[in-house]
Structures are given as C-alpha cells and as structure tokens.
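Let me begin by presenting the structure, written as structure tokens, before commenting on it.
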Amino acid sequence: MSRFIGLVTDYGYSHYTGILRAVIKGLSLNTDIIDIEHEVPSFNPMAGAYVILVSYRWLPRSSIIVGIIDPGVGSIRRALAVEAGDYYFVGPDNGVLYPAIRSEGFKRGVSLDFNRVSKLASNMFKGKIREWRLSYTFHGRDLFGPAAALIALGYDIGDLGDEIREDEIVRLDLEKVSLSNGFYNVNVMYIDKFGNIVLTIRPDNIGLYENEAYKLVVKGVEYVVKVGRTFSDVCVGDLVIYENSFGFVEIAVNQGNAFKKLNLSIGDLVRLAPLKYSKSS
Amino acid sequence: MSRFIGLVTDYGYSHYTGILRAVIKGLSLNTDIIDIEHEVPSFNPMAGAYVILVSYRWLPRSSIIVGIIDPGVGSIRRALAVEAGDYYFVGPDNGVLYPAIRSEGFKRGVSLDFNRVSKLASNMFKGKIREWRLSYTFHGRDLFGPAAALIALGYDIGDLGDEIREDEIVRLDLEKVSLSNGFYNVNVMYIDKFGNIVLTIRPDNIGLYENEAYKLVVKGVEYVVKVGRTFSDVCVGDLVIYENSFGFVEIAVNQGNAFKKLNLSIGDLVRLAPLKYSKSS
Amino acid sequence: MSRFIGLVTDYGYSHYTGILRAVIKGLSLNTDIIDIEHEVPSFNPMAGAYVILVSYRWLPRSSIIVGIIDPGVGSIRRALAVEAGDYYFVGPDNGVLYPAIRSEGFKRGVSLDFNRVSKLASNMFKGKIREWRLSYTFHGRDLFGPAAALIALGYDIGDLGDEIREDEIVRLDLEKVSLSNGFYNVNVMYIDKFGNIVLTIRPDNIGLYENEAYKLVVKGVEYVVKVGRTFSDVCVGDLVIYENSFGFVEIAVNQGNAFKKLNLSIGDLVRLAPLKYSKSS
C-alpha cells in the first residue's frame with residue numbers, strides 16, 4: 001500500500017495530465033497525487049530522467065513515481081513497474097526511470113502486461129469507461145496510471161506483468177564528460193523555466209570549486225564565466241556557473257535567462273576549461 | 001454528495017485557477033479537486049467542449065465537472081448546473097457543457113441564481129470574504145465554484161436556481177463534416193500541447209481505415225498524409241493521420257509539431273480526400 | 001494546526017514546485033496543498049505581492065500562505081514566518097508578503113532560522129534525504145516549505161526563529177499614483193494570462209466611474225479607452241478600462257490581448273487622464 005503517487009510527464013498541464021489524475025483517483029480514491037512536473041521537454045527521456053532522479057527522494061518513502069516521457073508510445077517498447085529501494089517506479093522502458101532505479105537500488109521489476117492490468121482495473125474503476133482498451137497514443141491513461149493505482153491499492157507488482165531482470169532495463173547515463181584539447185566536453189541535460197542550464201556533470205567531475213572561473217565554449221563562441229554559489233554572486237545580467245541545489249553543475253544569468261543568452265538546446269555540446277587566471281598572476 | 005470536482009477552464013495556471021480551487025475548498029473542505037485542464041484556448045467554447053467530452057467519463061461517477069470557457073462573462077448569458085447521467089456539469093450556457101450533457105443524457109438543469117448560491121455559500125464559507133458579490137469578470141470564483149461546492153456538499157441543484165428544459169440549453173456540435181468536390185471539409189477543433197491537431201470528425205465519418213493515405217489541403221497547400229495508428233508509424237518529421245485516444249481524427253508529426261508545420265488555428269478549415277493509390281496501381 | 005497551505009511562487013509548473021509540494025507532504029501528510037499560482041513573473045516581488053493580497057482571503061481561515069518570489073535567494077535577505085489576522089505567511093522578506101500582512105494585521109513574526117527548522121524537519125521527514133542542508137538556490141524546498149509544514153503540524157512560529165517587529169519587515173506598496181500635467185502616473189503591477197493589465201490604483205484613486213473614458217498614454221502613444229464593467233462593454237478588439245474582480249483598475253481588450261496591443265511590462269509607467277467629452281458637449 002502506498003498513499004502517494006508522484007507524476008513526472010511531458011503531457012503539459014493539459015487534459016492528458018488531467019485524465020491521468022482522474023484515472024488514478026477513479027481506481028484508488030484515497031491516493032494523494034503529487035504533481036512533480038508535467039513540462040519535461042517533449043520526447044526527451046534524459047531530461048525526464050534528471051527530473052525523476054533529483055525529485056523522488058523528496059517524496060514520502062513507499063511513494064510510486066510515474067514517469068512518462070514516451071516518444072515510442074504505441075511501438076514495441078516495454079512498459080515497466082519496478083520496486084527499487086524504498087520507492088516504486090512506473091513508466092516506459094526507455095531510460096527515463098533508470099537513473100533513479102540505479103540510485104535507489106533495483107529490487108524487483110516487471111514488464112507490464114496490459115491484459116492483466118486492465119482486467120484488474122476495469123473491475124474496480126469508479127469512472128464510466130465501458131471497454132478498457134489500450135490506445136496507441138495514451139498509455140498514461142490506459143496502462144501506467146492504472147498500474148500505479150493498483151500498486152497504491154496494495155497489488156503486488158508481480159500481479160501486473162512478467163518479472164524482468166535489472167540488466168534487461170534500458171540504461172541511460174546522466175553523468176557524461178570527456179576530455180579533449182584541455183576542455184571538458186559535456187552536454188545540456190535540462191533547461192529550467194528560468195533558463196538555467198543543467199549540465200551532465202557534478203562539481204567533482206571538473207573540480208568546480210578549485211577554480212574561480214571557466215572558459216565556456218558554446219557553438220564556437222567563448223565566454224568567461226565566474227564560479228559562484230548562487231545567482232547573486234555575479235552582477236545582474238552576468239553568467240555564473242555553480243552547483244545547483246541537486247548537486248549538478250548549472251549555468252545561469254543573474255536575474256536573466258542563460259537559455260536565451262546562449263541559445264542552447266537539450267543535448268547540445270558545451271565545452272568547459274578552468275581559467276586559472278588567479279594562479280598565473 | 002459528490003467527492004470529486006473536475007475543473008476545465010481557460011484560466012491558465014494562474015491565481016484565477018488558484019482562487020477557484022480555494023473557494024471550493026473553503027466551502028467543501030473534503031472535496032477532492034481534480035484539475036483536468038486549465039489551458040483550453042481562450043474564448044473557445046468548442047475546444048473546451050471537446051476537452052470536457054473526452055475527459056468526464058474518466059472521473060469517478062457522481063463527479064461534478066466545472067467547465068469555464070466564458071468569453072461572455074458579465075453579459076447576459078445564462079449560468080448552468082445540470083445533472084446528466086451519472087455526472088453533474090456546471091458552467092456558462094454557451095455550448096461548452098453541451099456535448100457532454102447530450103452524450104451522458106440530460107436529467108435536470110437549472111439556470112443558476114447568484115442570490116440563492118451566494119446566500120448559501122456566504123453562510124458556510126471558511127474564508128474571509130465580507131460581502132459575497134458577483135463581479136463582472138470572475139464568475140468562476142463568485143458563482144460556478146460555489147455552485148459546484150454546494151452540489152458536492154449535497155445541495156439539490158433545484159436549490160441553486162430555476163429549472164430549465166434541455167432544449168433551452170445552447171447547443172454546440174463537435175462532429176462537423178461536409179462534402180464538396182470530392183473533399184471532406186472539416187474544422188480544427190483542438191490543438192494539443194504537442195501541436196497535434198484534432199479534427200471535427202471520427203474515423204467512421206470518412207472511412208479512415210479503409211484508406212492508406214489522404215490528400216490534405218490546408219490554406220491552399222496540398223500534403224499527402226499516411227494513415228497510421230500511432231506517431232511512430234511514419235518517419236520522424238512526417239505527418240500522420242490517425243484515430244486519437246478519444247476516438248477523433250487527429251493529425252500529428254512524428255516527434256514533431258503539426259501545428260507549427262501546418263500553421264493552423266482552432267476553427268480553421270481542413271480539406272481531406274482519400275488517396276486511393278493502392279487501388280489504382 | 002492548519003489544514004491548508006496555499007502556494008504562490010515564480011517556480012513555474014516545474015519540479016521546483018513539485019518538490020516544494022513533496023517536502024510539505026513528506027512532513028505533514030494530511031495537509032491539503034492549494035496551488036494558487038506558480039507563474040508569477042520571475043524576480044518580481046510586486047507582482048507576487050499583488051497575487052497574494054488578492055488571493056489569501058479566499059483560502060480557509062488559518063491557512064498558511066507560502067509566497068516565494070525570491071531573486072535574492074542565497075544572499076543575506078531575511079526569511080519570514082508571520083502570523084497576521086487569521087492567516088500565516090511564509091516567504092522571503094522582500095516585500096512580497098507585506099501588503100497581505102498589513103491588510104490582515106500583523107500579530108507576530110519571526111526571522112526563520114534554518115538550523116531550528118531543519119532540526120525539527122529532519123526528525124520527522126518521511127522522504128529519504130540523508131542530510132538536510134540549506135542550498136544556495138532553492139529555499140522553497142530547504143526552508144520555506146518545511147517551515148510552513150511545521151506550522152501546519154502545530155509548531156509555534158516562535159520555535160522556528162527569532163521574533164521580529166512589524167517595522168523590521170521590508171515594505172512594499174501596491175497603490176501608487178502621482179499627478180503631473182493633469183495626468184495620473186501609475187505603474188503596471190501585474191499582467192494576467194489573458195494579457196489584461198493591472199495598474200497600481202483602485203477606482204476611487206482616480207474617480208473611475210465618474211468618467212466615461214480615459215486618455216491613456218503608453219510609451220508616447222495616446223489611446224482613448226472607454227470605462228466599462230466587463231470586457232463585452234466594448235466591441236471585440238477594443239480596449240476597455242474597468243475595476244477588476246479584486247478591486248484594482250485593469251485594462252483589457254475584449255476577446256483580445258491588451259499586453260500584446262500595448263506592449264507593456266510590469267513596472268512600466270502608464271499615464272491616465274479622464275476624457276470628459278460627455279460634459280463638454
């Protein structure tokens with residue numbers, strides 16, 4: 001039994017999200033739904049994986065996290081329900097759940113079986129759907145939401161599909177860095193609503209706080225960016241690089257928008273090198 | 001008594017929506033609010049009617065659906081509370097509630113009377129409003145939210161206004177198609193957050209799955225669009241036409257944005273004709 | 001003990017908001033969170049103060065309002081928890097809470113002490129955070145959310161920090177008007193999702209309803225705007241000035257977008273003078 005279901009999707013704050021909420025409540029009346037984020041950039045499992053990884057530990061233990069960033073909906077990708085550490089994770093098997101599962105420690109997982117889920121769900125659904133069928137484009141409503149609600153009601157994940165091993169799950173790595181010509185090559189993992197840009201590194205990967213500033217190369221343009229602890233460590237309008245509140249390296253503009261200034265997209269390459277000016281002087 | 005109130009508005013995720021939630025909870029503490037959608041295109045009862053029609057059956061039976069897309073707020077349009085089938089519907093009488101009421105089966109309806117609603121509401125409101133008055137621009141807060149909360153508390157809709165007949169309600173039709181020169185003329189009914197375009201037809205209206213592709217004419221430009229079951233039935237970037245998860249015909253771009261590609265707005269004309277190339281070869 | 005926490009932030013509907021919700025529920029399982037607004041224009045305490053002022057009385061008495069518009073996060077600005085009238089207010093001390101506190105009547109306030117809040121919070125947190133530390137950029141999660149949850153659980157605000165006097169709180173005035181050359185000089189306080197523009201005046205400040213129309217000067221361009229009670233008092237596409245549903249003066253375009261028409265930003269100057277044409281004729 002779980003009382004809380006946390007939702008992470010790219011459905012936007014649309015009726016897709018609304019119906020996902022409705023189907024969960026229509027199965028499990030006393031579940032408390034916590035909307036974590038519904039504006040994960042579309043079709044981007046890496047951005048979704050980041051949001052899930054940095055969010056799930058703030059939910060009460062035994063919460064179920066539903067993560068739906070699912071460009072392959074309707075194709076043959078597997079659907080997962082996994083118990084890992086103190087949490088459950090439900091969503092498509094495209095990597096979006098993987099970093100959180102690995103961080104929390106895989107215990108048990110199943111490949112969700114629509115027939116089993118829908119048979120259980122249709123028997124107890126309080127809404128008014130005559131025939132529970134699997135659409136080709138909205139598995140949040142038809143499969144993932146119901147599966148999460150059933151887990152919340154106390155069903156064993158083994159009732160919802162066939163067991164799979166951890167090594168069958170699609171992997172996805174959030175920390176990515178390589179070195180070339182004295183630069184760290186990293187990628188944009190997430191861009192938040194303030195335009196702050198999260199990179200695929202943690203401070204220790206590049207010795208962030210041993211340096212006072214970095215050369216930043218974006219699309220051939222070089223910037224010098226001060227290392228700070230928060231936005232206001234630089235002047236209004238200036239770039240700053242710092243450890244974000246989830247332990248990843250982030251670039252922002254104080255009271256401005258780094259995304260607009262640098263015109264980066266998720267997945268783009270960013271090159272970084274420490275500017276050791278204080279030591280050479 | 002109803003435990004759930006589902007909200008569909010064009011208020012955005014703004015304080016208008018927030019105050020609508022607050023006023024409901026301030027009257028009916030134990031009501032569970034399910035946000036269905038608050039970003040229905042502004043001033044567009046047809047888009048709202050579509051969202052309500054395809055959503056309400058996913059809510060638990062006896063839920064109250066509040067649908068507020070209300071360009072005529074403050075003018076003389078009627079305000080409705082209707083019992084239809086297993087649900088209640090509350091909102092302006094401009095067609096936004098009509099398709100769901102018709103689909104569910106009208107039982108009883110009233111024209112909401114602000115004096116009766118506000119007298120009941122002000123007596124039991126847990127918030128701190130001194131004088132409950134009907135503003136000219138925010139009937140969600142002043143009338144529709146309170147009316148829904150009162151129904152949730154068990155008040156009879158007859159307590160909230162004067163009875164009206166079904167044929168007094170403003171009608172709105174979501175399925176619209178005509179034929180000319182071998183083309184089906186249909187309209188854009190809704191555009192979702194992925195840019196997918198919902199049309200005013202169901203597959204049977206045009207024999208969707210008897211054909212493999214369609215000629216699509218938009219603003220004088222002709223496209224050939226494959227019929228599929230889901231996005232990934234075509235190459236990334238290609239247009240696809242399919243039955244959406246609510247039974248309407250929809251146009252999308254696989255991992256792209258059909259709205260941006262075709263530059264359509266809600267209400268725009270789209271012309272469709274089957275391309276029977278497989279039969280002519 | 002409070003059952004309701006209302007949230008007003010500029011976090012957007014992102015995982016920042018999601019984690020804020022999660023941390024509150026992880027401390028106070030039975031708290032009902034009411035999202036008031038999360039899209040307050042970034043870095044703009046005045047817009048946030050407006051939203052809080054016009055919203056809080058619609059929440060049940062004894063609700064806790066968390067208001068986080070916090071461009072100075074991580075700098076030395078104070079963090080507040082205040083009891084005022086029948087409500088509690090929690091947020092940064094930059095003016096965002098002030099108009100509501102003044103309107104409701106200050107009773108008692110503290111400067112939040114992270115050590116005290118985090119010690120209480122970490123003992124009872126149902127999530128899985130090993131070490132509760134104060135980040136430099138996300139005090140909603142680390143301090144304001146937990147403080148609000150502790151108040152909801154019944155902790156005295158005196159347990160959460162050192163008492164401060166009312167006159168130590170940063171002030172912010174929402175009603176601002178001056179006269180020059182026969183014009184009222186006012187500012188844009190808020191722009192809503194319809195593009196309606198809220199000004200820093202109430203109708204009585206300018207005798208709104210004694211006049212039939214106003215000259216409006218924006219960036220050197222003069223418009224004549226009719227006084228109305230609602231949008232539809234003017235033709236579709238025309239500007240209208242009226243008292244909004246919260247008692248402030250607002251400019252809109254009937255079924256259009258005044259923000260796009262006038263290209264105003266929050267803080268911009270607007271000059272207004274009554275056009276007494278009916279009396280001169």
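Reminder, nothing fancy here: chain letters follow the sequence lines and each chain counts from 1. For clarity, every value in this text was computed on a predicted model and none was experimentally measured. No hydrogens, no waters, no symmetry mates; every other heavy atom, side chains included, goes into these values.
- The cationic atom of Arg229(B) (NZ for Lys, CZ for Arg) lies less than 6.0 Å from the six-membered ring centre of Tyr209(B) and within 45° of the ring axis.
- Contact count versus chain A (heavy atoms, under 4.5 Å) is highest, among Tyr242(B), Tyr190(B), Tyr56(B), for Tyr190(B).
- Within a 6.0 Å sphere centred on NZ of Lys219(A), heavy atoms belonging to other residues, nucleotides or ligands number more than 12.
- Only the side chain of Ser232(B) comes within contact range of chain A, with heavy atoms under 4.5 Å apart.
- Between Phe231(B) and Tyr136(A), a ring centre-to-centre spacing not shorter than 6.0 Å is recorded.
- In terms of non-hydrogen atom pairs under 4.5 Å with chain A, the most contact-rich of Asp86(B), Asn196(B), Leu7(B) is Asp86(B).
- Contacts of residues 140-150 of chain A with chain B at a heavy-atom distance below 4.5 Å involve Arg141(A), Asp142(A), listed in sequence order.
- A distance of 10.5 Å separates CD1 in Ile129(A) from CZ in Arg133(A), rounded to the nearest 0.5 Å.
- A donor-acceptor pair is defined here as one N or O able to donate and one able to accept, closer than 3.5 Å; such a pair exists between the side chain of Asn94(B) and the backbone of Val96(B).
- Heavy-atom neighbours of chain A within the stretch residues 8-34 of chain B, taken at a separation under 4.5 angstrom, comprise Tyr13(B), Asp32(B), Ile34(B).
- Nearest approach of Ala81(B) to Val90(B), heavy atoms of both residues: CB-CG2, 4.2 Å.
- Heavy-atom minimum distance, Leu269(A) versus Leu264(A): O-CD2, 4.3 Å.
- Ionic pairing of Lys226(B) and Glu212(B) is not present here: no N-O contact between side-chain nitrogen and carboxylate oxygen is shorter than 4.0 angstrom.
- Lys128(A) and Glu104(B) are joined by a salt bridge, as a carboxylate oxygen and a charged side-chain nitrogen come within less than 4.0 angstrom of each other.
- Between atom CD1 of residue Ile5(B) and atom CD1 of residue Ile151(B) there is a gap of 8.0 Å, rounded to the nearest 0.5 Å.
- The contact between Tyr87(B) and chain A is made entirely by side chain atoms (from C-beta outward), counting heavy-atom distances below 4.5 Å.
- Considering all non-hydrogen atoms of both residues, Gly237(B) and Lys261(B) come closest at O-NZ, 3.4 Å.
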